[in-house]
Amino acid sequence: MNDFLTDFGVVIALACAGAAVLYGALTSRSLLALSPGNERMQEISLAVQEGAQAYLRRQYTIIGGVAVVLAILLAFALDIETAIGFVIGGLFSAAAGFIGMNVSVRMNARVAESARDGIPRALSVAFRGGAVTGLLVAGLALLGVAGYYGILLLTGVEEKEAVDALVGLGFGGSLISVFARLGGGIFTKAADVGADLVGKVEAGIPEDDPRNPAVIADNVGDNVGDCAGMAADLFETYAVTAVAVMLLGVLTFNELGEAAVYPLVIGGVSIIASIIGTFAVRSRAGNVERALYQGLIVSGVLAALAFLPITLGLMNDITFQEGASGLLKGGNEEPSGIDLWLCTLVGIGITALLFVITDYYTSTRFRPVKTTARASQTGHATNIIQGLAQGFQSTAAPAIVLALGILAANELGGIYGIGVAVMAQLSLTGLIVALDAFGPITDNAGGIAEMADLPAEVRGVTDPLDAVGNTTKAVTKGYAIGSAVLAALVLFGAFIEELRDEAGGGIDISFDISDPEVLIGLLVGGMMVFLFVSLSIESVGRAGGLVVEEVRRQFKEKPGIMKGTDRPDYARCVSIVTAAAQKEMIAPALIPIVITVVIGLLSYKALGGLLIGVIVVGFFTAVSMTSGGGAWDNAKKLIEDGEYGGKNSEAHAASVTGDTVGDPYKDTAGPAINPMIKVANIVAILIIPLIV
């Protein structure tokens, strides 16, 4: 079995990736055959589709210009194989986001129409729409990594050199991810802020009221921010982690072939487990959350069982290269196949715990959201204070979980064991992205039901789906952050080993905090995170201000809008936010590239310190922002459901303020920190030949 998996590991991975793409194509075809509803519903859905497509085309045009320059630089500074990998990573990441988003924006009207038949039917359509995006993300990521690796081997490139070229592929995915997260986040939250401040607070109209000129831009933003943004984010995490584990493997073990294909085969069987898991998502009793999570549980159990024979077949008799003692189990013992399989269970366990913790801090069922909603009764300031407190508090439990997970995986398999745990954690990527995309699909479906004036029983179906979707979006962000931090830790380990390998033992690879160069790097790394966050939030504020001014202008110049006799200019708001998001995303996106290169060229020790600072500060900042923002958002929803005075009360006004502050926290700056951390780490690996 060992020889079979080694010889055909790439083929197995490609076949499984092809199965994901086939699932996406067949599911899309069956979903698009469903009725999109009446003429008004189709008109609204088409407006969202056109806005989302126009935005992504413009975004990818700008990113393409940056990518061409970087590809040329990589070809001259490193080699053509790395540059080609960079292009492949960028193209596949963009394709995953674009295709998935296009399916999602077509599902909104179909979910609204399916809601006429009750929750089970609408749930099935919404989830399968999200599953197309999720399986495409995992499938295209594995297809890109395994496919390019296989091509390089066929052209005579050695395993180590082939994996080095794959680092360029990871960088391509990272570049798309950081731009997609930033641009999409700025778009969605600028539109949301503008729609809420003028529509809800000033005009006193519902969230999805068709009289609000920013309502279409808000719906477009849900898709480009959550669907395309999360797709690019987890595509990048998946691809980068696979490459990092492959790199660690070929730097650590004598059996280069086995070490290189192991993470690819793990990724392949996980896709099959995810496809099976999608069929377990069904609800007969109306418990939407349970139905979604039972699919995730089925996939996790199947993947864990499949990992055992694969790990024993490929990694049970591995031997370490001379000088790799720093990566040994417990510092002096080689890991067995069972040890590495237990590492996969650690990764799946971390995922489960992160889900539970994030759900606790962001769900309306638990204390953090309830206390934030209660604080709204005494004003705007107390709402903000409580939301900030919950955000800071929410970092403790995930930090402990990650620390214990790192400790367990390290004891079992050293830094390589941690990499295996992260790869197992990412085995659920397909269903995680599906749960995330479920949120904007159901949110848009509710908006269409409101704008198309569908019967109240339809909103009675879409509203509970939307409420669950809001929680799943928050929970998947917690997962994305946790996996990003662990992936960055693995990348940092790969950076150290690659640095040692490139130096050939000529330099001492250590990062002592008492060394001034390392301390300088730590400070710069922490500074990068806060500078990145500052520019991201400022961008939302400026773009949101433009939307506020535009909505006020339309209400003033067209008084018939509020009476329902005049039609708002939706396209104008979409155009304003699109232009603003594209302009604002450039500066923050360049921070992890430019500063990392500058520090690296000055001192490799400062560069190591920078990476440590980015990982640690980035983790706590991202968790506090996403969980705190989620608590503010759901506190508002809790009040809108009738608590503490309900809609149009003083508590509601305070909760809208908290939600507005939390919007750029949870949907722009916080999630964008994930790719920012990994961009810095992968750029550090790329420039190693230039600094030693």
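Nothing fancy with the numbering, it's 1 onward along the sequence.
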Applying side-chain contact (heavy atoms from CB on, under 4.5 Å) to Thr668 and Ile537, what does each step give before you reach the verdict? CA-CA 7 Å; Thr668 305; Ile537 292 177; over 6 Å; no

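- With hydrogens and angles ignored, the 3.5 Å screen pairs no side-chain donor or acceptor of Ser534 with any backbone N or O of Leu531.
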Between Ser603 and Glu517, is the side chain to side chain donor-acceptor pair (under 3.5 Å) condition met? List the steps. CA-CA 7 Å; Ser603 164; Glu517 292 182 20; 2.5 Å; yes

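- Panel note: side chain Ser483, backbone Ala480; a donor-acceptor pair is recorded below 3.5 Å.
- Note: Phe86 and Phe171 have tilted aromatic rings, judged against thresholds of 30 and 60 degrees for the angle between ring planes.
- Closest of all the heavy-atom pairs between Ile271 and Ala20 is CG2-CB, 3.6 Å.
- Of all heavy-atom pairs between Ala162 and Leu153, the closest is CB-CD2, 4.4 Å.
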Worked verdict on Leu607 versus Leu601 for side-chain contact (heavy atoms from CB on, under 4.5 Å): CA-CA 8 Å; Leu607 179 58; Leu601 294 176; over 6 Å; no

Run Leu264 and Tyr149 through side-chain contact (heavy atoms from CB on, under 4.5 Å) and show every step you take. CA-CA 10 Å; Leu264 300 180; Tyr149 177 71; 4.2 Å; yes

Let me see the working for Leu354 and Gln425 under side-chain contact (heavy atoms from CB on, under 4.5 Å), right down to the final yes or no. CA-CA 11 Å; Leu354 289 178; Gln425 186 183 17; 3.8 Å; yes

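- Under the side chain to side chain contact (heavy atoms under 4.5 Å, CB included) rule, Val683 has a single partner from Thr596, Val167, Ile595, which is Thr596.
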Apply side chain to side chain donor-acceptor pair (under 3.5 Å) to residues Thr82 and Asp79 and explain how you reach the verdict. CA-CA 6 Å; Thr82 302; Asp79 52 64; 2.8 Å; yes

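- Closest non-hydrogen pair, Ser394 versus Pro398, comes out as O-CD, 3.0 Å.
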